[in-house]
Amino acid sequence: MKKYTAIKDISNLSNTIKEAILLKMNPFEYSNLGQHKTLAMLFFNASLRTRLSTEKAAKNLGMSVMVLNINDAWNLEFEDGTIMNANSSEHIKEAAQVISQYADVIAVRAFPSLTNKEKDESEYVLNSFVKYATAPIINMESATAHPLQALADAITISELTQKAKPKVVLSWAPHPRALPQAVANSFVEMMQNLDVELTITHPEGYELNPKITKNTPINYNQKEALQNADFVYVKNWSNYKDYGKVLNQDANWMMTQDKLGNAKFMHCLPVRRNVVVEDAVLDGKNSIVIQQANNRTYAAQIVLKQILENL
Ligand code: AN0
Ligand code: CP
């Protein structure tokens with residue numbers, strides 16, 4: 001693998017999922033593969049799981065890890081040809097090349113502005129690293145995608161499914177703050193590549209980018225969509241059409257035990273209790289969010305392994 005900025009960078013998805021599950025059973029099998037190799041993780045935004053699971057994955061492979069919260073470094077310029085006499089002190093052209101001197105693999109987290117749709121969709125932060133760094137880039141959640149999360153989600157569903165073609169429902173939930181569409185986008189793209197029956201449910205007007213949802217069925221009736229579901233993935237996203245706006249906080253969209261029934265409950269975390277999902281679900285036996293978070297390690301580890309093998 002040359003890089004992991006999008007799900008399509010995985011060349012054989014079903015094998016990759018199987019290999020990740022094998023790594024989980026024997027996490028130190030390739031503990032020499034990353035010897036004398038360094039991963040630099042750059043965070044433009046907060047993280048708990050991505051930061052710790054990716055570091056753990058790298059260490060399981062014998063890599064060294066450096067973490068930089070970008071806010072502690074110089075303010076970066078991404079525009080070409082700018083006269084840098086205002087707030088930015090360093091251009092991405094130098095920064096990306098310099099980081100490539102210190103690291104063999106570079107992982108980046110850079111959320112969207114949620115104010116400028118065109119700029120966010122250009123993925124200028126992630127793509128500038130791809131363009132100017134000489135080391136392979138891993139996406140740790142960019143403006144429009146969270147492919148490491150989606151891979152962990154696929155691993156989790158593969159581990160737990162009792163059917164050849166389970167019914168998976170992505171259900172929008174209310175949230176007081178404007179959140180990215182990235183997790184939902186990547187989950188949808190991942191499920192479209194697996195043998196599952198995917199349905200999306202959200203309030204009218206909360207459609208994700210149609211270029212991503214394609215012909216995946218959308219049902220505005222949550223109760224109907226949830227019927228016979230095997231896995232229910234709950235996630236808030238801010239409005240895509242009226243970009244980045246919080247237009248709906250209707251508590252009726254919160255996931256409850258009553259609505260969930262016997263389905264497994266999934267969420268990428270962090271999650272706001274009793275806003276997105278009621279306590280009874282998170283504390284109940286059908287919640288698989290902790291297993292999902294655990295699988296972040298093996299998603300990152302299989303990606304790092306495939307990148308290391310290609311260095
Ligand atoms: C982020 C999001 O929704 O994209 C990160 C989730 C992994 N969540 C929050 O900002 C709460
Ligand atoms: N799920 C996820 O990416 O969590 P963090 O934001 O804590 O990394």
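Just so you know, ligand 1 is whichever comes first in the structure, and atom 1 is the first atom listed for that ligand.
- Residue-level proximity to ligand 2 for V183 is absent, since no heavy atom of it falls below 4.0 angstrom.
- Backbone and side-chain nitrogen or oxygen atoms of A46 are examined, and none is located within less than 3.5 angstrom of a nitrogen or oxygen of ligand 2.
- Ring geometry for Y233 against F187 counts as parallel: the plane angle stays under 30°, on a 0 to 90° scale with 60° as the upper cut.
- The C268 neighbourhood of ligand 2 comprises atoms 1 (N), with distances under 4.0 Å to a heavy atom of that residue.
- Counting heavy atoms of neighbouring residues, nucleotides and ligands inside a 6.0 Å radius, atom CG of N262 does not exceed 12 of them.
- Where the criterion is an N or O separation shorter than 3.5 Å, residue side chain and backbone included, P270 fails it with respect to ligand 2.
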N/O to N/O under 3.5 Å, ligand 1 against protein:
{"residue": "ligand 1", "atom": "3 (O)", "partner": "K235", "partner atom": "NZ", "Å": "2.7"}
{"residue": "ligand 1", "atom": "4 (O)", "partner": "E141", "partner atom": "OE2", "Å": "2.5"}

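- The atoms of ligand 2 that sit less than 4.0 Å from any heavy atom of L269 are 1 (N), 2 (C), 4 (O).
- Aromatic ring orientation, H91 versus Y132: perpendicular (interplanar angle above 60°, classes split at 30° and 60°).
- Of all atoms in ligand 2, numbered sequentially from 1 with element shown, those under 4.0 Å from a heavy atom of R296 are 1 (N), 2 (C), 3 (O).
- For ligand 2, none of its N or O atoms has an N or O atom of R51 under 3.5 Å away.
- In this structure, D195 pairs ionically with K165, as a charged nitrogen and a carboxylate oxygen lie closer than 4.0 Å.
- Distances shorter than 4.0 angstrom do not occur between any heavy atom of M140 and any atom of ligand 2.
- Proximity of a side-chain donor or acceptor of N12 to a complementary backbone N or O of N15 within less than 3.5 Å is detected.
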Yes or no on salt bridge (Lys or Arg N to Asp or Glu O under 4.0 Å) for E55 and R51, after CA distance, side-chain angles and deciding distance? CA-CA 6 Å; E55 175 161 350; R51 179 171 171 160; 5.1 Å; no
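- Geometrically, ligand 2 and E141 share no nitrogen or oxygen pair separated by less than 3.5 Å.
- Between Y243 and Y240, the two ring planes are perpendicular [angle over 60°; tilted spans 30° to 60°].
- Between K305 and E309 there is a salt bridge, with a side-chain nitrogen of the basic residue lying less than 4.0 Å from a carboxylate oxygen of the acidic one.
- Side chain of E141 to main chain of F111: no donor-acceptor pair is present (N/O by atom type, distance under 3.5 Å, no hydrogens or angles).
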